Amino acid sequence: MALSALFTKTISLSQYGIKNATIAYQLDPEELHAICVENGQGTTTSTGALAINTGTFTGRSPKDRFIVIDEHTRDQVWWGEINIPFDKTKFEQLRKRMLTYLSDRNLFVRDAFACADARYRIGIRVINENAWSNLFAYNMFLRPTEAELDNFKEDWLILNAPGFKANPELDGTRQENFAIISFEEKTVLIGGTGYTGEIKKSIFSVLNFLLPVTQETLPMHCSANVGENGETAVFFGLSGTGKTTLSADPDRKLIGDDEHGWTPDNTIFNFEGGCYAKVINLSEEQEPDIFNAITAGALLENVVLDADGEVDFSDTSITQNTRVSYPIHHISNIQSPSIGKNPKNIFFLTADAFGVLPPISKLTPGQAAYHFISGYTAKVAGTEAGVNEPVPSFSACFGAPFMPLHPTVYAEMLSDKMKEAGVNVWLINTGWTGGPYGIGKRMALKYTRAMINAALSGALGEVTHENYHIHSVFGVAQPRTCPGVPNSVLSPRQTWNNDEGYYKTAHKLAAAFKNNFKKFEAYASEEIMAGQPPLG
Ligand code: ATP
Ligand code: MN
């Protein structure tokens, strides 16, 4: 089909060393959608969205995320299993091989921005092998106007070639797939994987390195929304803990669902221009905002459709990590631009599969710092032979895979900002209640929403003996009552109906917290250490 771009601007890619490519520049979502359907890569769903498959990879591959070690990064990055160093000459060689691969092809190119606050804005050029990856970039980054495009300055370049496979021996990668960031070249190479999340999370990692160092701004793996009187709430949490779900609240304006910065002049801004929601078991009743956002322009990944193009959100035959991306304006109640004032409330979301953390508790400043550095959630181990043991998972700052600097850099900034803002910090267990995974069940979404609303409205009151019970194992303040939630739900011990089993498991989790924290003890103040679980 004819590629009639909305924009009049034309570009060339020869300056990068990409030769003879046919360039589809800045296509609008309808055109990208049509191309995917035409070339057999996508299907239109009953609600007009585009459904595609990302291929072998249906999630990020953290072990294949590298940072080039050079004079910009050598002394600053916290190197290790998370931030894996990559050789500069190997990067150059791999880049050249990718550019050769991209030559002589039909490519999709998009210029976009990150950072809703103009003072922080960076220009990103994304060169995609596939039209649907380019639609993802349209949905997730900020979309320039035609005037902005005329003056567009590209700060960062992303080369995205899912069909290009690295040769580990030759290229110095671990496998055929890779995501490599070079701060010197301001270039990201993504190959061998079609998982779109690698595109957005690479720029997140870039900003997480640059913002604290150059602009004294705290980058956060969190969602954010704002209430009627302008007060901001921030929701930190690892994957699957509820950032996207809980920030989509019809009564509050959405600022963003995953990546934000907290500035020195006390504002919060979204890095992105869209949302990337999990859709496993999505229902209109439970999550109406997300459900109704899945219309034309939305990009569904790895879902299963019936003959009428109806999505079966319960079908996990391709992956548990089924997703949809859409521009933020698919959500009806949004804050525009995506900027908010200093937060009044911060929520740490955790999906505790042991089922022992209270569904809501209030943290002291020391506990807040301790839990932020710990970054706890739980994973449910492989379903092999019917064994479903929860495994604790600790990821510093609730986002270690995206944090190139030492966790204490972010933790200290957050501590200072929280104190300055006099913010309330809440720990929310969106995970299991009534027992661990396998015995108990996931906390009802309506209860979690009611608890968050109560915290936001001030209904939970001051931490006094009358209002709160101090948890004997975790030391956190557990409200005794909460509007819209039965009292028994607020006490995990009561939901278990098995005190011995409850305390045994709670001690086990507290011990896991302490064991994990050992590596941070040398950096932690007395106040932070006093925030650890008193038992375990
Ligand atoms: P990611 O960082 O991967 O984007 P996320 O923190 O945004 O993850 P969500 O996409 O919000 O996580 O996923 C939370 C999942 O858990 C959703 O599928 C949601 O329906 C489900 N869920 C079930 N019970 C709850 C609850 N009580 N609170 C929040 N989410 C719940
Ligand atoms: Mn999310």
Side-chain angles (χ1 to χ4, degrees), residues 29 33 44-52 54 58-59 132 135-136 138-141 196-197 200-201 221-227 233-260 270 272-305 309-316 318-336 338 347 349 351 428 430-431 442-450 452-453:
H33 182 142
T44 305
T45 72
S46 58
T47 62
L50 176 67
I52 59 100
T54 58
T58 58
W132 46 266
L135 178 58
F136 179 83
Y138 174 88
N139 286 349
M140 296 308 298
F141 293 128
T196 55
K200 79 174 213 104
K201 282 297 195 329
H221 186 215
C222 69
S223 60
N225 64 20
V226 47
V234 161
F235 304 81
F236 283 94
L238 290 159
S239 186
T241 57
K243 291 183 300 298
T244 300
T245 302
L246 297 168
S247 60
D249 174 342
D251 296 329
R252 298 176 62 84
K253 291 191 162 113
L254 181 66
I255 299 176
D257 86 327
D258 200 52
E259 309 173 2
H260 294 83
N270 190 358
E272 303 183 282
C275 304
Y276 192 39
K278 282 177 175 289
V279 295
I280 180 172
N281 296 325
L282 183 71
S283 73
E284 183 169 17
E285 188 207 347
Q286 296 272 323
E287 298 177 64
D289 302 72
I290 295 171
F291 189 92
N292 292 314
I294 308 179
T295 53
L299 177 67
L300 280 156
E301 298 177 7
N302 305 314
V303 293
V304 176
L305 311 180
E310 192 101 25
V311 183
D312 180 355
F313 290 112
S314 69
D315 192 326
T316 56
I318 300 175
T319 176
Q320 299 265 330
N321 189 31
T322 52
R323 291 269 179 174
V324 65
S325 66
Y326 45 80
I328 193 165
H329 55 253
H330 278 218
I331 295 286
S332 47
N333 200 10
I334 58 170
Q335 172 87 340
S336 186
S338 305
F347 298 90
L349 308 176
I428 303 281
T430 65
R442 190 100 190 242
M443 181 62 57
L445 195 45
K446 66 169 184 197
Y447 289 153
T448 302
R449 290 199 205 273
I452 286 170
N453 286 339

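Note that the coordinates shown come from a computational prediction; the quantities given were computed from them, not determined experimentally.
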- Task: Applying side chain to side chain contact (heavy atoms under 4.5 Å, CB included), name anything that partners Ala296, two or more places apart in sequence or on another chain.
- Result: none
- Mind checking side chain to side chain contact (heavy atoms under 4.5 Å, CB included) for Asn281 and listing every partner two or more places apart, or none if nothing turns up? Ser314
- Query: Who pairs with Lys200 by salt bridge (Lys or Arg N to Asp or Glu O under 4.0 Å), at least two apart in sequence or on another chain?
  - Reply: Asp258, Glu259, Glu272
All N/O donor-acceptor pairs, side-chain side in residues 235-248, below 3.5 Å, sequence neighbours left out:
unit_1: Thr241; atom_1: OG1; unit_2: Leu238; atom_2: N; d: 3.4
unit_1: Thr241; atom_1: OG1; unit_2: Leu238; atom_2: O; d: 2.7
unit_1: Lys243; atom_1: NZ; unit_2: Gly237; atom_2: O; d: 2.7
unit_1: Lys243; atom_1: NZ; unit_2: Leu238; atom_2: O; d: 3.4
unit_1: Thr244; atom_1: OG1; unit_2: Asp257; atom_2: OD2; d: 2.8
unit_1: Thr245; atom_1: OG1; unit_2: Glu287; atom_2: OE1; d: 3.3
unit_1: Ser247; atom_1: OG; unit_2: Lys243; atom_2: O; d: 2.8
unit_1: Ser247; atom_1: OG; unit_2: Thr244; atom_2: O; d: 3.2

- Taking only residues two or more places apart in sequence, or in another chain, which ones meet Asn453 in a side chain to side chain donor-acceptor pair (under 3.5 Å)? none
- Sequence neighbours left out, what passes side chain to side chain contact (heavy atoms under 4.5 Å, CB included) with Ala293? Give chain and number order. Tyr326, His330, Ile331
- Message: Just to verify, what does Lys253 make a side chain to side chain donor-acceptor pair (under 3.5 Å) with, not counting sequence neighbours?
- Response: none
- Item | Counterpart residues, ring pair (Phe, Tyr, Trp, His ring centres under 6.0 Å), relative to His33 (two or more places apart) | none
- Query: Listed by chain and number, what are the salt bridge (Lys or Arg N to Asp or Glu O under 4.0 Å) partners of Arg252, not counting sequence neighbours?
  - Reply: Glu231
- Kindly indicate, with the supporting measurements, whether the criterion side chain to side chain contact (heavy atoms under 4.5 Å, CB included) is fulfilled by Val304 and Ile318. CA-CA 8 Å; Val304 176; Ile318 300 175; 4.0 Å; yes
- Note on the structure: Residues at least two apart in sequence or cross-chain that pass side chain to side chain donor-acceptor pair (under 3.5 Å) with Tyr447, listed by chain then number, are none
- Mind running side chain to side chain contact (heavy atoms under 4.5 Å, CB included) on Leu254 and Ile328 for me, showing each step along the way? CA-CA 8 Å; Leu254 181 66; Ile328 193 165; 4.0 Å; yes
- Message: Which residues pass the side chain to side chain donor-acceptor pair (under 3.5 Å) test with Ser223, not counting sequence neighbours?
- Response: none
- Item | Partners meeting side chain to side chain contact (heavy atoms under 4.5 Å, CB included) with Phe291 (sequence neighbours left out) | Leu282, Glu284, Phe313
